Protein chains: 2
Amino acid sequence: MKYHHGNLRSELIRCACTLCEEHGHDKISLRGIAKEANVSQTAPYRHFETKESLLAAVAAHGFVEMQKSIDKIIDLSKTNKISKKTLIDAMLAYLDFAISNNNIYEVMFGTVIKDFRNFPDLHNAALEAYSSLKLSIKRYIKLKNDQEYDEKCVKIWAFLHGLVGLNKIEQKLEDVPTTDGSYDMPIDALRAAKNNLVPFMNSSIDALIKS
Amino acid sequence: MKYHHGNLRSELIRCACTLCEEHGHDKISLRGIAKEANVSQTAPYRHFETKESLLAAVAAHGFVEMQKSIDKIIDLSKTNKISKKTLIDAMLAYLDFAISNNNIYEVMFGTVIKDFRNFPDLHNAALEAYSSLKLSIKRYIKLKNDQEYDEKCVKIWAFLHGLVGLNKIEQKLEDVPTTDGSYDMPIDALRAAKNNLVPFMNSSIDALIKS
DNA sequence: TATTTATGTTGACACTGTAAACATTTAGTA
DNA sequence: TACTAAATGTTTACAGTGTCAACATAAATA
């Protein structure tokens, strides 16, 4: 066991990602992450000023990975138009990343990191990810100007981001017997959407782009 | 100063709401809330099993208030159809509540409370709020069946919830000069949407309902 | 080789959520 | 009304947290 780790910074990020995804950002401690990396409690402070800044690195990594999974679908090596199916696939890739990396997504978009401007890498990664989202729309449909692309992109992004949020809600609500009818069932509705995700997305995304 | 407070439970919820909205749920402590209510550190434990359960009460209160602000728009005393403007106003009421009670909204929809089933009042309030959202759509347009209402409602809810999320993001991103063009500007797009919120909502909600 | 810098450890501090033991007030019953 | 049980408050204590200061060692540089 050598005194200097050699790769501690990236190892800490890796451990933080793992633990965060497993337990949620609010259930993990800097000490726990340090232990996972087999270093002393305060070793992380040689690489990260605060816990927040380590989580910022986790978030940045998340944005990069999310962007990759979108880019893979729309095939960055080309510049031609993409089909509607490909567009939807890209949106599904967003959802898929968000849901299978739920706790990291929370760090990316939640209140843990108060201001991205304090973390240039994160700020960068977030803007880049938005770029890919916008690019997928650009490659799908011809619009008047950049502003119009931004408007559609924000609408679609909001919709996707909202679906991710509702997916979390679903897991917190109960299966209430639907007999009495005094309550409506958002859960059933959410599950129905998930069980028919492709047509659900097809109609919604199309409507938003043309709105 | 009497030994028994008399109204400590509701007073704690009130203090928690205030402090939470001011500093965010992750920056407030049970001890701080107790101090705000002028009781000892552990007094809250006579009314709430854990910090989570106090925050659950905060969230429940939030759902009730949010529902009220929607109900006020669609006027529960009547049952007739509502205009498109009224529908949009109801959606704007949702956004308005979410944004002016940002930190409480975070408690309502974030990961703080893991399972609503542990907090019947909260579970109740959340379902009730969904009811009002759905009702506003029911009063706006005639659809085939309840399932169809649920589908539209989920779409619109996702969209609204997503917009709230993006509004948070906007505050974290930088004003980057748009000259070089190497990045796209989600911030500008988000601000543009906010500056023209009514037409933005009009087109989006309409598109989603008809999708 | 000598010295500065980077990177690690140990120990300490104030703060957190929460449990246990104890005190006081209120409610309920004889 | 007197006595007891329950509800509601306080004090004390504990383990876990983020972070700082002081110290130790390895690596880089002169």
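Numbered from 1 within each chain, the chains take letters A, B, ... in sequence-line order. Bear in mind that the values here come from a model prediction, so they are computed numbers and not experimental data.
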Next on the checklist: Looking at B:Arg139 and B:Lys78, would you say the former's side chain and the latter's main chain have a donor-acceptor pair under 3.5 Å?
Outcome noted: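 Here the side-chain-to-backbone pair exists.
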Side chain to side chain contact (heavy atoms under 4.5 Å, CB included) partners for [X], two or more places apart:
X	value
A:Ser10	A:Asn7
A:Arg31	A:Ser29, A:Gln41
A:Asp26	none
B:Asp96	B:Ser100

Checklist entry - Can you list every pair that meets side-chain hydrogen bond (donor to acceptor under 3.5 Å, both in side chains) and has a residue in residues 13-23 of chain B, with sequence neighbours left out? => result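 Pairs touching residues 13-23 of chain B that pass the test: B:Glu11-B:Arg14.
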Item to check | Side-chain N or O of A:His47 closer than 4.0 Å to phosphate OP1/OP2 of C:dA6 | outcome: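 No.
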Tell me: [atom1] of [X] to [atom2] of [N], nearest whole Å?
X	N	atom1	atom2	result
B:Asp26	D:dT17	CG	P	17 Å
A:Leu8	D:dA26	CG	P	16 Å
B:Glu11	D:dG9	CD	P	11 Å
A:Phe48	C:dG8	CZ	P	11 Å

Item to check | Test side chain to side chain donor-acceptor pair (under 3.5 Å) applied to B:Lys72 - qualifying residues, sequence neighbours left out | outcome: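 Listed in chain order: nothing, the list is empty.
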Checklist entry - Roughly how far, to the nearest 0.5 Å, is the CD1 atom of B:Ile205 from the CE atom of B:Met91? => result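 Going from CE on B:Met91 over to CD1 on B:Ile205, the span is 6.0 Å.
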Checklist outcome for this item: Per-nt protein contacts along nucleotides 13-20 of chain C (heavy atom under 4.0 Å; B base, S backbone sugar-phosphate only, - none) come out as ---BBBB-
Compile the donor-acceptor pairs under 3.5 Å between side chains in residues 153-164 of chain A and protein atoms, sequence neighbours left out, one pair per line.
residue	atom	partner	partner atom	Å
A:Lys155	NZ	A:Glu151	OE2	3.2
A:Lys155	NZ	A:Ser211	OG	2.9
A:Lys155	NZ	B:Ser203	OG	2.9
A:Trp157	NE1	A:Tyr94	OH	3.1
A:His161	ND1	A:Tyr105	OH	2.6

Name the atoms and distances for all side-chain donor-acceptor pairs under 3.5 Å in residues 57-69 of chain B, with sequence neighbours left out.
residue	atom	partner	partner atom	Å
B:Glu65	OE2	B:Lys68	NZ	3.2
B:Gln67	NE2	B:Glu128	O	3.0
B:Gln67	NE2	B:Ser132	OG	3.0
B:Ser69	OG	B:Met66	O	2.8

Item to check | Neighbours of DNA chain D within residues 13-25 of chain A, by heavy-atom distance under 4.0 Å | outcome: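 Residues of residues 13-25 of chain A under 4.0 Å from DNA chain D: none.
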Next on the checklist: What residues from residues 102-111 of chain A pass a heavy-atom cutoff of under 4.0 Å to DNA chain D?
Outcome noted: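 The stretch gives none, as no residue of it lies under 4.0 Å from the strand.
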Next on the checklist: Give me each pair satisfying salt bridge (charged side-chain N to carboxylate O under 4.0 Å, His left out) with a member in residues 49-58 of chain A, each pair once, sequence neighbours excluded.
Outcome noted: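 Salt bridge (charged side-chain N to carboxylate O under 4.0 Å, His left out) check on residues 49-58 of chain A returns A:Glu52-A:Lys114.
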